Amino acid sequence: MNEPFRDPELPLARRIADLRGRLTLEEKVGLLHQYQQPVTRLGVGPFRTGTEALHGLAWLGPATVFPQAIGLASTWDPDLVRRVGEATSDEVLAFHHKDPTGAGLNVWAPVVNPLRDPRWGRNEEGYSEDPWLTGLMATAYASGLRGSDPAVLKTAPTLKHFLGYNNETDRCVTSSELPPRVLREYELPAYRPALESGAAVAVMPSYNLVNGRPAHLSPLIEEVLRAWAPDDILVVSDAYAPGNLTGAQGYHDDLPEAYAHAIRAGLDSFTQDDGRSEATLGHIRAALERGLLTEEDVDAAVGHALSVRFRLGEFDPTTPHDDIDEAVVNCPEHQSLAREAARRSIVLLRNDGLLPLDASVRRIAVIGQLGDTLMEDWYSGTLPYAVTARAGLAERCETVFCEAVDRITISVDGGAEGTNGRFVVADPDGGPLGLGGEPDLFDLFDWGGGCYALRAVTTGRHLSVDEEGVLVNDQPGPNGWEVRQTFRTEDRPRGALALRHISTGRYLAFDGEAFRLADDADAAAWLTVERVVSGAEAAAALAATADVAVVVVGDHPLVNGRETEDRLDLALPAAQQAVVRAVREANPRTVMVISSGYPVSWDGDDPPAVLWSSHGGQEYGHALAEVLFGDADPEGRLTQTWYRSASELPDLLDYDIIATDATYQYFRGTPLYPFGHGLGYTTFEYADLAVSVEGGRLTASVTVTNTGSREGVEVVQIYTRQRRSRVKQALRHLRGFVKVRLAPGESTRVDWGLDIAELAFWDVTRGRFVVEDAPHKVMVGGSARDIRLCAPFHVDGERIPPRDAFAGPIAAVDHDEYDSVAFVDAARVSGDAVRSTAEGAWIVFRSVDLGEGAASCSATATSAEGGVLTLRLDDPLYGPVVGDLPVPRAGRYDLAEIRAGLAEAGGVHDLYVVFENAGITLASLSFGAVT
């Protein structure tokens, strides 16, 4: 064929235009679904978006499994993260060449949501609570995924999830309220670097709403994301999210209307109904027929989709990546990289000198329910092999192992006639559990938050509930999208308990033949649990026989916190904490190793040594052994604050990190472990900090010396703080870091620089970024709280003037502070507003210049019940009233202009708008001067 679209020598835009021009409207519509339809008459094959590749290729079979994303970020090494992305792209291509339809080249990674709240169920998918560090790591990983060829992508990385997505609780119907500063300074910056550099070529919107509008309809897709990207970007929906627009969210009345809005807002690909595209395409056709969409709208979306396919080399005779085959999957080089990534991600939280272990350690007791297993999370690949903590240490010295879980019997204390006092027994073939006169033993796993799993000792299989609601014992452990192997307990009289199935919320009952689920709590079987073996006591007895005890604790990635489920707290499971205490009492030389996808907390004193890593992939055990025995210095540093308890956190759904003093930037308390924390096996000294500002650039240099007796790694972190400002500023703000490796006694000069423009914040008075004329300081050290040296500097920037009341409409969302208001959509397509959630709610505009006097005020507002807006000066309760604006009853989006005269008031004042009634929506204010 000689069609121009197949000529790689032609400009990309011309090739796209040529192919699009050959397509009929029906063929174009067929490209707007996740499963793009082939156009056989042109030799255009099918194309599918959405191969999962968060920390290695997932869901398609055994492939190299690297540490979770939060673990990769804890290396503070973008080049390492890039290499992991590159290895992952090789394996994606290998699977694609083997099965092009089963393994697509549009990969859904990385996740760039800043980790604002560690209770988020998907915490392990992100990189950091800091947006700059998130953007840096995301760009590195996406760069590896896209490959180094400037013309042909290896894979097409997709940033997710846009925007303001940090909760699983009611995620499809909750609105993430983002004031302008939080949006511009915290949320958006995480997305910019990967798009602006071209490392990522696609974006996925999130399930939630943002300021009352579904994220899939966000005007920011066109206004911001596409403006940042140098080339076309593909915007793909999250799975089944388009249907929510008329379903759970009820934002539109019907799907043709909703889908038309989505396409006009920038959505190019509908991930709906799996491979069954006809319903989606039918709604798009209906939108065209009804005039809700034009062919030009469809052309724009098709152009974005085709752009990615062209850049993947689909229509080229050959690509530089054609020779990648199955030999790369879990190849020795990737195994070595997995080991390196796991080793360098481990964070030493505490060490009283116990580590590193020396040659005198001959026997180690490995203890804990994570001591001899590796976990796969929802977005993991299938482990090709598993080097557990026990296995890794066993290669170094003698090891003994105790899983440290309670072993119990279960008898019936109430239920069907003739069942009392009989024991629950497992089916040797894994079928339904029954009752017997002799007890079977079960291992009880505490995964925290009241979540328990049970394993039958006789079969080695976990108890689960099958599709018929019958209790069986046929699973290797908690697994699957709908985890059916976990239960909660509820107390009953006489010390009995009932089991409630977490996935369904139903109760375990016995019907005379089998245990099956029942809706009625009164139907639940009363069960008596007798502990036969104490996991803590068994662990302590074993620990006493060893030179060192290593207790591996943590979470199960599919239990008590995962996609669809947030955590209620941060505490390590109570039973696991009890094991740590018992082991430490039996053997003071105890190391607590935490394997989890999120920060945790615990009661009591710390063990002598504490390490953390994310779930570390297939080479975790080797990596852990290398760090414990000092073959490598611990290099990991925390990318999130570790709080002492969840009580130090704001409400999970409160996204205003500035108002709530959230994240390391604003947190005023003393954390358990601070952002950036991580120890090594040597010590470092900082000296001679020098700072200068010249030519629009801030530079700093500091001498770092290894003052210990062995080689080590230090992550030199640079923070700044603006010391005077018109607005509330962060207490500390990460601006950069330098990772150095020094021999004993060796020194190096660390140099760092930053454009002064990067010190800007969003000025709500003028709707742009501003660098203020203000004093600042540079803070250098080993963490956000381990600041070794500080130095002042001054920036000759702007002075933000008072707001000119008469310069034009003042957007209500551009206030300075607020109380009891929600951020909402002013209209379905674009625009934000505020709505009072209680009587007496208010917003304030600081330093409003009313000149010689304001004679009138107009507001765009609406309220279903009507109400009054009161304007006060300088105080929301006692300040003088200068005007009242009655708000008439009207529909949700029927914003009307209301006017009122004002008492004469001039000069500069803080202007409060007090909502005398709940439910008033205010979009803007305008003032008229005295004439």
Side-chain angles (χ1 to χ4, degrees), residues 32 161-165 170-180 183 187 203 205-226 235 237-238 240-268 270 272 280 283-284 286-294 296-298 300-301 655 809 811-814 821-837 859-865 887-897 919-924:
L32 302 185
H161 316 77
F162 186 79
L163 174 73
Y165 175 40
D170 299 328
R171 63 180 180 173
C172 294
V173 296
T174 55
S175 177
S176 303
E177 296 177 14
L178 304 179
L183 171 69
E187 291 287 345
V203 175
S206 50
Y207 284 114
N208 54 287
L209 300 92
V210 176
N211 293 355
R213 182 181 296 107
H216 279 69
L217 305 180
S218 174
L220 296 172
I221 293 171
E222 292 288 347
E223 294 171 6
V224 175
L225 300 185
R226 287 206 160 100
V235 178
S237 85
D238 209 337
Y240 282 74
N244 291 335
L245 297 173
T246 59
Q249 294 167 343
Y251 202 72
H252 281 288
D253 293 332
D254 61 35
L255 286 171
E257 180 183 88
Y259 286 9
H261 186 174
I263 291 171
R264 293 196 311 272
L267 188 67
D268 307 313
F270 289 76
Q272 185 74 34
T280 293
H283 296 311
I284 296 173
L288 286 162
E289 291 167 2
R290 289 163 54 180
L292 302 173
L293 273 181
T294 66
E296 288 73 20
D297 295 325
V298 173
Y655 280 72
V813 294
D814 286 335
V821 300
F823 291 76
V824 297
D825 51 336
R828 282 195 170 91
V829 174
S830 65
D832 291 339
V834 298
R835 180 186 298 150
S836 55
T837 60
T860 50
T862 187
S863 174
E865 302 297 329
V887 181
R889 294 185 179 186
R892 167 69 182 83
Y893 295 111
D894 296 328
L895 291 164
E897 185 175 5
I920 300 175
T921 298
L922 174 65
S924 66

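Quick caveat: nothing in here was measured; it's all calculated off a predicted structure.
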Completion exercise
Value for CZ (Arg828) from CD (Glu257), rounded to nearest 0.5 Å, stands at 7.0 Å
Handout entry: Closest approach of Ala827 to Tyr893 (non-hydrogen atoms, all atoms of both residues)
Key = CA-CD2, 3.7 Å
Practice task
Could you tell me the separation between the CG atom of Leu292 and the NE2 atom of His252, rounded to the nearest 0.5 Å?
Solution key: 9.5 Å
Problem - Rounded distance [0.5 Å steps], OH in Tyr207 versus OG1 in Thr174 - result: 13.0 Å
Problem - Heavy-atom closest contact (Gly266 atom, Arg226 atom, distance) - result: O-NH1, 3.3 Å
Exercise for the section: Measure the acute angle between the ring planes of His261 and Tyr251, then classify it against the limits of 30° and 60° as parallel, tilted or perpendicular. Expected result: tilted
Problem - Exercise: identify the closest heavy-atom pair between Leu220 and Phe162 - result: CB-CZ, 3.9 Å
Handout entry: Straight-line distance of Arg171 CZ to Leu209 CG, nearest 0.5 Å
Key = 13.5 Å
Practice task
Return the minimal non-hydrogen interatomic distance between Leu245 and Pro214, and the atom names on each side.
Solution key: CD2-CB, 3.6 Å
Handout entry: Atom of Ala286, atom of Pro256 and distance for their closest heavy-atom approach
Key = CB-CG, 3.8 Å
Exercise for the section: Check for a donor-acceptor pair, side chain of Ser237 on one end and backbone N or O of Phe270 on the other, with a separation under 3.5 Å. Expected result: no
Handout entry: Modelled atom types, side-chain donor and acceptor of Ser924 and Thr860, under 3.5 Å
Key = yes
Fill in the blank from the handout: In short, Ala826 meets Leu895 closest at the heavy-atom pair O-CD1, 3.5 Å
Problem - Validation row: Asp832, Phe823 side chains within 4.5 angstrom (heavy atoms) - result: no
Problem - Basic-acidic side-chain contact under 4.0 Å: Arg892, Asp825 - result: yes
Problem - Arg213 side chain vs Gly831 backbone, donor-acceptor pair below 3.5 Å - result: yes
Practice task
State plainly whether the residues Asp254 and Arg290 are in salt-bridge range, i.e. N to O under 4.0 Å.
Solution key: yes
Problem - Spatial distance of atom CD1 (Ile284) from atom CD1 (Ile263) [nearest 0.5 Å] - result: 4.0 Å
Problem - Ser836 (side chain) donor-acceptor with Val821 (main chain) under 3.5 angstrom - result: no
Handout entry: Check: Val235 main-chain N/O paired with Asp268 side-chain donor or acceptor under 3.5 Å
Key = yes
Handout entry: Asn211 side, atom CG; Glu177 side, atom CD - distance, nearest 0.5 Å
Key = 6.5 Å
Practice task
Applying side chain to side chain contact (heavy atoms under 4.5 Å, CB included) between Pro205 and each of Val210, Leu163, Ile221, report the one that passes.
Solution key: Ile221
